[in-house]
> 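The structure under discussion is supplied below as structure tokens; questions concerning it will follow.
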Amino acid sequence: MGRSVLVTGGSRGIGLAIARSFEAAGDRVAVTYRSSGRPEGLFAVQADVTKPEDVEAAFAAVESEHGAVEVLVANAGITRDTLLLRMSDDDWDAVIDTNLTGAYRVAKRAARGMLRAHNGRMIFLASVVGLSGSAGQANYAASKAGLVGFARSVAREFGSRGITANVVAPGFVDTELTAVLSAERRAEILSQVPLRRYATPDEIAGVVRFLASDDASYITGAVIPVDGGLGMGH
Ligand code: NDP
């Protein structure tokens, strides 16, 4: 039967690759999406992670279809890149609300069922820039750094109840999120990546699936870089 897996922001990019990878392994997978539509062949619920009522409704729908969520992948995320002096309060709030507070909302809701079951896996999608910082991404980097402290706190609070919480920190991945970068910026980034290429979404999905597997049963509070060497382990 597999496990009940929920991936937020699973309509495209990394989230979709993660969802398809769990499904191929035999799990019961649900994804949430905001506006881009249902991915074919997956159980999908429209839910904006910035809206508490959407999050509640999404969990209710997933629970009635697949049972309580056993593996949560908090993946939904956005960028609003600009230099700090040009950043509006709205740019700041939107990114923090989606990337950090959105993860808090879904983790808190998922914890209910996991605590009852004395079992659960939470995996948070952060970023290499959460640890290194990034000019023009103060809002995004702060949201991703925040996820590390959040996940480690969850790991400490729920460890004794059989729940793990880990972070995956990708470098640059070929998705719509990075398609907006200029050719010049892409070349600049690649010059700093020892593997000299972007990751594919599947390369992130493989690590997420490992963290949800029995092989990772003694890993919690970890930040796993999947960045082609860009952060050299940080
Ligand atoms: P995409 O832009 O390709 O996809 C983002 C996904 O998040 C979409 O499914 C989108 O839904 C969903 N989403 C955005 N806002 C909300 C919201 N408010 N509520 C619900 N869902 C939302 O991004 P990626 O696949 O590239 O990134 C996925 C995650 O990985 C993000 O957290 C990102 O920060 C992180 N990451 C990405 C990197 C990269 O290089 N691409 C590098 C490091 C980290 P919809 O389609 O409906 O808009």
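All ligand and atom numbering here is 1-based and tracks the order in the structure.
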> Do D48 and T50 pair up side chain to side chain, a donor and an acceptor below 3.5 Å, judged on atom types alone?
yes
> Quick test: of every protein heavy atom, which one is nearest to atom 19 (N) of ligand 1, and how far off is it to 0.1 Å?
V49 N, 2.9 Å
> Looking at D81, is its backbone amide N or carbonyl O close enough to the side chain of T79 to form a donor-acceptor pair, meaning the two atoms are under 3.5 Å apart?
no
> Is a donor on one side and an acceptor on the other found under 3.5 Å between the side chain of N166 and the backbone of V223?
no
> Tell me if a side-chain donor or acceptor on N139 pairs with a main-chain N or O of D91 at a distance below 3.5 Å.
yes
> Who gets closest to atom 47 (O) of ligand 1 by heavy atom: G77, S35, A19?
S35
> Taking only heavy atoms of K144 into account, list the atoms of ligand 1 that are under 4.0 Å away from them.
31 (C), 32 (O), 33 (C), 34 (O)
> List the atom pairs, donor and acceptor, that lie under 3.5 Å between side-chain atoms in residues 31-40 and the rest of the protein, sequence neighbours left out.
| from | atom 1 | to | atom 2 | distance (Å) |
| --- | --- | --- | --- | --- |
| T32 | OG1 | G9 | N | 3.2 |
| S36 | OG | S11 | OG | 3.0 |
| R38 | NH1 | A44 | O | 2.7 |

> Select one of side chain, backbone, both or neither to describe which atoms of I14 lie under 4.0 Å from any atom of ligand 1, heavy atoms only.
both
> Work out which heavy atom in T164 is nearest to a heavy atom in S217; give both atom names and the distance.
CG2-O, 4.2 Å
> Please report the closest heavy-atom contact between K144 and S127, naming both atoms and the distance.
CG-CB, 3.8 Å
> Short list, please: which atoms of ligand 1 are under 4.0 Å from a heavy atom of S127?
43 (C), 44 (C)
> Relative to the heavy atoms of S11, which atoms of ligand 1 are at a distance of less than 4.0 Å?
8 (C), 9 (O), 11 (O), 45 (P), 46 (O), 47 (O)
> If you measure every N or O of P170 against every N or O of ligand 1, does any of those distances drop under 3.5 Å?
no
> Using heavy atoms and a threshold below 4.0 Å, how should the contact between D48 and ligand 1 be classified: side chain, backbone, both, or neither?
both
> Could you tell me which atoms of ligand 1, counted from 1 in the order shown, lie closer than 4.0 angstrom to a heavy atom of T178?
39 (C), 40 (O), 41 (N)
> Tell me whether G171 reaches ligand 1 (any heavy atom closer than 4.0 angstrom to a ligand atom).
yes
> Specify the closest pair of heavy atoms between I14 and T175, including all atoms of both residues, with the distance to one decimal.
CG1-CG2, 3.9 Å
> Do any nitrogen or oxygen atoms of Y140 come within less than 3.5 Å of a nitrogen or oxygen of ligand 1?
yes
> Ignoring hydrogens and geometry, is there a side-chain-to-backbone donor-acceptor pair from D27 to R3 under 3.5 Å?
yes
> So which atom in R112 and which in E56 form the shortest heavy-atom distance, rounded to 0.1 Å?
NH2-OE1, 3.5 Å
> Polar-atom distance check: T32 versus ligand 1, any N or O pair below 3.5 Å?
no
> With a cut-off of 4.0 Å, which atoms of ligand 1 are near a heavy atom of F172?
40 (O)
> For ligand 1, does V173 get within less than 4.0 Å through its side chain, its backbone, both, or neither, judged by non-hydrogen atoms?
both
> Return the option from N75, V31, L125, L16 holding the heavy atom at the smallest distance from atom 31 (C) of ligand 1.
N75
> Counting both backbone and side chain atoms, is some N or O of R34 under 3.5 Å from an N or O of ligand 1?
yes
> Looking at atom 3 (O) of ligand 1, what's its closest protein heavy atom, distance included?
R12 NH1, 3.4 Å
> Regarding atom 7 (O) of ligand 1: of the candidates P201, A76, A179, which has the closest heavy atom?
A76
> Please report the shortest heavy-atom distance between S4 and G67, naming the atom on each side.
OG-O, 3.2 Å
> Below 4.0 angstrom from a heavy atom of G13, which ligand 1 atoms are there? Numbered from 1 as shown, please.
3 (O), 25 (O)
> Going by the atom numbers of ligand 1, which of them fall below 4.0 Å from some non-hydrogen atom of I78?
14 (C), 15 (N)
> How close does the nearest protein non-hydrogen atom get to atom 41 (N) of ligand 1, and which residue and atom is it?
T175 OG1, 3.1 Å
> Are the side chain of T178 and the backbone N or O of V173 linked by a donor-acceptor pair below 3.5 Å?
yes
> Donor-acceptor pairs are to be reported for all side-chain atoms of residues 204-215 against protein atoms at under 3.5 Å, with residues two or more places apart or in another chain.
| from | atom 1 | to | atom 2 | distance (Å) |
| --- | --- | --- | --- | --- |
| R209 | NH1 | S21 | OG | 2.8 |
| S213 | OG | F210 | O | 2.6 |
| S213 | OG | D215 | N | 3.2 |

> Under 4.0 Å from ligand 1, counting heavy atoms only, is it the side chain of Y198, its backbone, both or neither?
neither
> Just need the protein heavy atom nearest to atom 45 (P) of ligand 1, so name the residue and atom and give the distance.
S36 OG, 3.4 Å
> Pick, from G9, A47, A169, the option with the minimum heavy-atom distance to atom 20 (C) of ligand 1.
A47
> Heavy-atom distance to atom 44 (C) of ligand 1: which of A126, G15, A44, G102 wins?
A126
